[in-house]
Amino acid sequence: QVQLVESGGGLVQPGGSLRLSCIASGLTSEHYTMGWFRQAPGKEREGISCIKNNDGSTYYSDTGRFGISMENAKNTVYLQLNNLRPDDTAVYYCALYPHLTTPEALCTFLSRSDFTSWGQGTQVTVSS
């Protein structure tokens, strides 16, 4: 059974940065697609960025401030959050789809797939 453990969240001032990490274990496939999502209070979960592990291709819902990367040897995906704003406050979740697909697919409709695994989430709070 796939398990995902996120870390790196916390309290940061506006304009600050954080790097989130997600370690995957229990993988049965060498090829998979991972991504980051977030859910703010009272809002629906939204896909931020997703990445495919075989070629590193990525998808971003919005470009500019966030960067996704992956270390295959460690089964770890990272999300670099830069120039954070108060409206970035949310619980950030890691997800894994155990097959190759387009990163955009995982960040959109495949997030609702029964085959997609989720971590427990890490809280990011942006406040002065």
Side-chain angles (χ1 to χ4, degrees):
Q1 184 177 356
V2 173
Q3 290 189 320
L4 304 173
V5 179
E6 302 102 331
S7 61
L11 174 63
V12 62
Q13 292 187 340
S17 298
L18 285 174
R19 190 174 84 150
L20 308 182
S21 301
C22 173
I23 301 175
S25 61
L27 297 171
T28 58
S29 171
E30 66 176 314
H31 293 143
Y32 48 87
T33 309
M34 294 185 74
W36 287 97
F37 297 72
R38 67 183 181 184
Q39 187 166 20
K43 294 188 176 181
E44 291 189 357
R45 183 180 62 203
E46 61 175 343
I48 302 170
S49 183
C50 293
I51 186 169
K52 200 162 56 173
N53 85 317
N54 67 326
D55 62 6
S57 58
T58 59
Y59 165 81
Y60 290 91
S61 63
D62 187 13
T63 59
R65 297 185 297 122
F66 299 164
I68 193 170
S69 60
M70 179 180 277
E71 275 191 85
N72 280 329
K74 296 182 179 181
N75 294 330
T76 300
V77 65
Y78 305 97
L79 186 67
Q80 180 69 38
L81 308 174
N82 298 319
N83 193 22
L84 284 161
R85 307 184 303 223
D87 62 356
D88 293 317
T89 295
V91 178
Y92 285 69
Y93 295 93
C94 172
L96 184 145
Y97 184 75
H99 305 287
L100 292 178
T101 185
T102 66
E104 181 175 4
L106 175 57
C107 267
T108 54
F109 66 92
L110 282 179
S111 66
R112 296 183 290 275
S113 168
D114 290 341
F115 295 104
T116 299
S117 300
W118 295 89
Q120 81 288 350
T122 185
Q123 176 71 46
V124 172
T125 302
V126 186
S127 174
S128 56

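Here, residue 1 is the first one in the sequence, and each next residue gets the next number. These numbers come from a predicted model, not from an experiment.
- Residues satisfying the side-chain hydrogen bond (donor to acceptor under 3.5 Å, both in side chains) test with S57, not counting sequence neighbours, are D55.
- Among pairs with a residue in residues 98-128, those fulfilling disulfide bond (SG atoms under 2.5 Å apart) read C50-C107, at least two apart in sequence or across chains.
- Among pairs with a residue in residues 81-110, those fulfilling salt bridge (Lys or Arg N to Asp or Glu O under 4.0 Å) read R38-D88, R65-D88, R85-D87, at least two apart in sequence or across chains.
- By the ring pair (Phe, Tyr, Trp, His ring centres under 6.0 Å) test, H99 pairs with Y97, sequence neighbours left out.
- Residues in residues 107-128 take part in no salt bridge (Lys or Arg N to Asp or Glu O under 4.0 Å) pair, two or more places apart or across chains.
- Evaluation of the side-chain hydrogen bond (donor to acceptor under 3.5 Å, both in side chains) rule for Q3 yields no partner, not counting sequence neighbours.
- A distance of 9.0 Å separates CD in E30 from CG in L100, rounded to the nearest 0.5 Å.
- Here C22 pairs with L4, E6, M34, W36, V77, C94 under the side chain to side chain contact (heavy atoms under 4.5 Å, CB included) rule; sequence neighbours left out.
- Partners of Y32 according to the ring pair (Phe, Tyr, Trp, His ring centres under 6.0 Å) rule, which considers only residues two or more places apart in sequence or in another chain, do not exist here.
- Within the model, atoms CG of L27 and CG of L96 stand 6.0 Å from one another, a figure rounded to the nearest 0.5 Å.
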- Task: List the steps and the verdict of side-chain contact (heavy atoms from CB on, under 4.5 Å) for W118 and V2.
- Result: CA-CA 9 Å; W118 295 89; V2 173; over 6 Å; no
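- Residue pairs meeting the salt bridge (Lys or Arg N to Asp or Glu O under 4.0 Å) criterion with at least one member in residues 66-77, sequence neighbours excluded, are E71-K74.
- The line from CG of L20 to OG1 of T122 is 6.0 Å long, rounded to the nearest 0.5 Å.
- Applying the side-chain hydrogen bond (donor to acceptor under 3.5 Å, both in side chains) criterion to S17, with sequence neighbours excluded, gives N82.
- Put simply, the side chain of T89 reaches to within 4.5 Å of the side chain of Q123, judged on heavy atoms.
- If you take OG on S111 and CZ on R45, they are separated by 5.0 Å, rounding to the nearest 0.5 Å.
- Listed by first and then second residue, the salt bridge (Lys or Arg N to Asp or Glu O under 4.0 Å) pairs involving residues 13-26 amount to none (not counting sequence neighbours).
- Across every non-hydrogen atom of T101 and T33, the tightest pair is N-OG1, 3.3 Å.
- When all heavy atoms of N53 and N72 are compared, the closest pair comes out as O-ND2, 2.9 Å.
- For Y93, there are no ring pair (Phe, Tyr, Trp, His ring centres under 6.0 Å) partners at least two apart in sequence or on another chain.
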